[in-house]
Amino acid sequence: MASKRNGDGDLAVAGAAEFYTPKKHWASRLAPYASEWAGFLATMPVAAGAHWWMTSEPAAMPWASAGLTLLGTGVTALTWYCARARAVIVRRFATATAGITAAWTTAATIAGPWETPLLQLYAFGGAGVALSWSIFKALKRGGDFEAGGDNLWEKVKLAGVKTGPLEVEPNKVSGTLQLPRGELDVGDVQKRADKIASYLGLRKGAVRIIEDPEDASQAQMTVVPRDVLKDPADWPGASHPGGSIADPLVFGVYEDTELLRLWLPGDPKTSRNATHLQINGMNGSGKSAGFKQLATEILTRRDVALIVLDPSKGDQTVGFLQGSRAHLVTDVGACKKLLKALPGVITNRASQLGRWGYDQWVPEAFTKHRMPYLVVWVEEATKLLKSVEKFDVIAQEARSAGISLVLSQQKSTFRQMSTDVRSQLGAVLCFGVKDPEDAGYSLSDETLDAGAAPHRWKNRWPGCCYLEAPGVEEARYPTPARTYRATDEALAADIAACAEHAPDLPEDTAEALGLPQRASDTADDQEGGTVVPMRSTTPTRHTDPDVDPLEALDSLQEADVDDDPDDPEAGLASLPDETETDLDEVDPDAEIPEVPDTAAQIALPQPRPSLARARANVENWATRQPGVFGPKDVPTDLHGRDRSWVSRMLSALAEEGVIVRADDPGTYRARPARGHAA
Ligand SMILES: Nc1ncnc2c1ncn2[C@@H]1O[C@H](COP(=O)(O)OP(=O)(O)OP(=O)(O)O)[C@@H](O)[C@H]1O
């Protein structure tokens, strides 16, 4: 193979390309050998001319002889020196050729090239040298692409693989591989991708192999010699200021310099589905920076509203959105409430879209009916999802109602995110993770098999990511990308420049979610623009002032999706005597902790408490237990549901820090009381 580095010291894309460039015509097949024969033929007239010149000036002959001898020795020495980086055989061969040519030219200049034995030496010796160069090249290069390719495949123990025509782009060479049928499969080649990179003198991960979905004996090989991700590109500004959310969100570049693009709404014309997005990555892998850029892209569009639920970090991550039209909710309870209110909003929006004749949200829904697309971004999603029933159903319905959910969390193990929820999300953005197992919770097997390895980055390469999403070519899924390097000030300035385009939330949506129509209408924001906690927003309006919105939603949910279909007692009133027995376990003398409104209801036997009341009852009971307890210990009539529900509830309470986990799995204890002395 040709030199691995070009004159600038860069890894040579051209080198890789040169190795592979197919030579189909006889002229191009012979071209590599032309130089030695041209040199052979040129030597005779040069020597004859020099001889004629020297003999016409006899006085100069002694000087010319000495000069030519010195020049020949110098050229030979220079050849030896310049070829020091080449293989020993090449160096010797080149030096010998220079020496022989210089000696013959000097002798021929003095005596005349047609004199015996100079003419014979030229005819046989010169032709012999030229021929041996051609043989040497032919053996080394094979004379055409395929033999060179065979050499590569043999070296990496994949003999029989053939490389098809290659497409050479800046920093990328790609082409089809034909595998020997029945002998090798794509997995064999994928396993050796790093060996191929090593043979080509490239970094690990520079070679990726993707299976051809139509033919298992073929694969697509992509070689990306230079790692452009090492140095992230600077934020170039919002990609479509004042544009539609139907335009892609652009938030970085792939290693082959393509833009990193994400589409959230569907597109009936191209059959692209609307999607939710799952974002994973370990601490410091660049999730927050990615969020800021995507949020900026969203907030600079004219037909989309953004709601951000960030129960953990608050100002740290979303602070730069102060004063923007993003609705920011940072209170845990308020975040949960909002998520639980989503089904109502989904139903409402879906039926509106249906009435207007749309199967899904399209930009026209905004231009004609002022219904913006809605993005609900949930940071630290695991904490919130656990307490939202049937989240998979919410996710499933949300897409057709023009709502995309973005769930961001460090990792999505099956414990943290059910397969049902996962299957509804549709798109994954995976930043650096701790180990291959974590990568497996985010990316598909196909992407991982094709060489995606986010665990190699960990958090040492913040912003590096893989994206699997509708609208992105599947062959691109294993291609690494990096988000832009951006400052909060630059992003905030872009958002501010488009503030006039940002739409309000429709009145009914705002009302149902307990949000103002305009984020900047909140008292907090007017006071100087802090993150807006949900509790500071205007209360939801309802037609019946006596019905608590959450209770109403709970009843609706229960009517729709009873969480305990197998429970024979589902929907039946609990027997009062059982209630008394159970309530014996609740310390009647203990002071009732602060559970707004609902605490007073605990002692009263209820037919089957609403979901909200059941949660409050269980929480109240659990925080008052003197010892270790598990789901089976929680009195049924406090909640009226099956044990798996109680188990999920206790786990959620432990996540929220209301109770703590005990030593044995599935057991808990009340949080030790603090500050009694005070
Ligand atoms: N594309 C990028 N290029 C360069 N630096 C980046 C990039 N993305 C993120 N960073 C830097 O990496 C660091 C960690 O990023 P970030 O806070 O977004 O990670 P995170 O995954 O949100 O971490 P955590 O979960 O701990 O909050 C920050 O200093 C950030 O500026």
Side-chain angles (χ1 to χ4, degrees), residues 205 226-239 249-262 277-299 306 308-322 326 328 330 332 335 377-385 406-413 416-417 428-435 438-439 441-443 452-467 479-495 531 655:
R226 199 158 53 84
D227 192 354
V228 296
L229 300 185
K230 260 188 192 158
D231 198 14
D234 287 327
W235 169 252
S239 66
L249 307 175
V250 183
F251 59 111
V253 282
Y254 285 98
E255 66 177 5
D256 58 3
T257 66
E258 273 287 310
L259 296 177
L260 177 61
R261 292 181 298 179
L262 170 71
L277 178 66
Q278 171 191 338
I279 301 184
N280 295 123
M282 64 184 292
N283 267 337
S285 60
K287 296 185 300 300
S288 303
F291 156 74
K292 290 175 183 177
Q293 291 172 37
L294 282 168
T296 303
E297 281 287 87
I298 292 167
L299 290 168
L306 175 65
V308 182
L309 312 185
D310 187 5
S312 302
K313 290 194 231 165
D315 278 346
Q316 266 180 37
T317 305
V318 297
F320 89 107
L321 292 175
Q322 279 179 17
L328 311 172
T330 56
V332 181
C335 290
W377 191 295
V378 188
E379 285 283 316
E380 308 292 347
T382 341
K383 290 191 180 149
L384 294 176
L385 294 198
V406 183
L407 307 180
S408 176
Q409 57 209 346
Q410 288 194 16
K411 57 180 172 180
S412 302
T413 62
Q416 285 156 330
M417 186 183 280
V428 177
L429 178 62
C430 180
F431 290 92
V433 295
K434 250 190 199 131
D435 48 47
D438 289 354
Y441 293 129
S442 305
L443 296 171
H455 58 278
R456 280 195 190 140
W457 297 322
K458 301 207 164 37
N459 54 9
R460 292 192 298 270
W461 290 76
C464 284
C465 55
Y466 294 99
L467 175 66
T479 307
R482 193 164 193 180
T483 56
Y484 291 120
R485 182 171 36 202
T487 61
D488 285 4
E489 291 72 29
L491 299 176
D494 282 354
I495 294 171
V531 172
E655 284 289 329

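First listed ligand is number 1; within each ligand, the first listed atom is number 1. Basis for what follows: all heavy atoms, side chains included, without hydrogens, waters or symmetry-related copies.
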What closest approach, in Å, do Lys287 and Asn280 show between heavy atoms, and which atom pair accounts for it?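 Residues Lys287 and Asn280, closest heavy atoms: CD-C, 4.0 Å.
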Minimum-distance pair of heavy atoms, taken over all atoms of Thr483 and Phe431:
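In terms of heavy atoms, the two residues are closest at CG2-CE2, 4.0 Å.
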List ligand 1 atoms under 4.0 Å from [X], heavy atoms only on the residue side.
X	answer
Tyr484	1 (N), 2 (C)
Gly463	1 (N), 8 (N)
Gly286	9 (C), 15 (O), 16 (P), 18 (O), 19 (O), 20 (P), 21 (O)

Worksheet item: Is Ser285 near ligand 1, meaning one of its heavy atoms is under 4.0 Å from it?
Response: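 Under 4.0 Å: yes for Ser285.
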Q.
Regarding ligand 1, does Gln410 bring an N or O atom to under 3.5 Å of one of the ligand's N or O atoms?
A.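 No.
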Counting heavy atoms only, which part of [X] comes closer than 4.0 Å to ligand 1: side chain, backbone, both or neither?
X	value
Phe291	neither
Pro232	side chain
Met282	backbone

Looking only at non-hydrogen atoms, which of Gly284, Ser288, Ala233, Ala289 approaches atom 8 (N) of ligand 1 most closely?
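Comparing heavy atoms across Gly284, Ser288, Ala233, Ala289, the nearest one to atom 8 (N) of ligand 1 lies in Ala289.
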### Task
Decide side chain to side chain contact (heavy atoms under 4.5 Å, CB included) for Arg482 and Trp461; before the verdict, give the C-alpha distance in whole Å, the side-chain angles of both, and the deciding distance to 0.1 Å.
CA-CA 9 Å; Arg482 193 164 193 180; Trp461 290 76; 4.0 Å; yes
Show the numbers, then the answer: is there a side chain to side chain contact (heavy atoms under 4.5 Å, CB included) between Leu321 and Phe291? CA-CA 11 Å; Leu321 292 175; Phe291 156 74; 3.9 Å; yes
TODO: Fit a plane to each ring of Trp457 and Tyr466, take the angle between them on a 0 to 90° scale, and name the class: parallel (under 30°), tilted (30 to 60°) or perpendicular (over 60°).
DONE: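 Parallel.
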Test log, rule side chain to side chain contact (heavy atoms under 4.5 Å, CB included), inputs Leu260 and Val253
CA-CA 5 Å; Leu260 177 61; Val253 282; 5.8 Å; no
Under 3.5 Å: donor-acceptor pair, side chain of Gln293, backbone of Gly252:
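No, Gln293 side chain to Gly252 backbone: no donor-acceptor pair under 3.5 Å.
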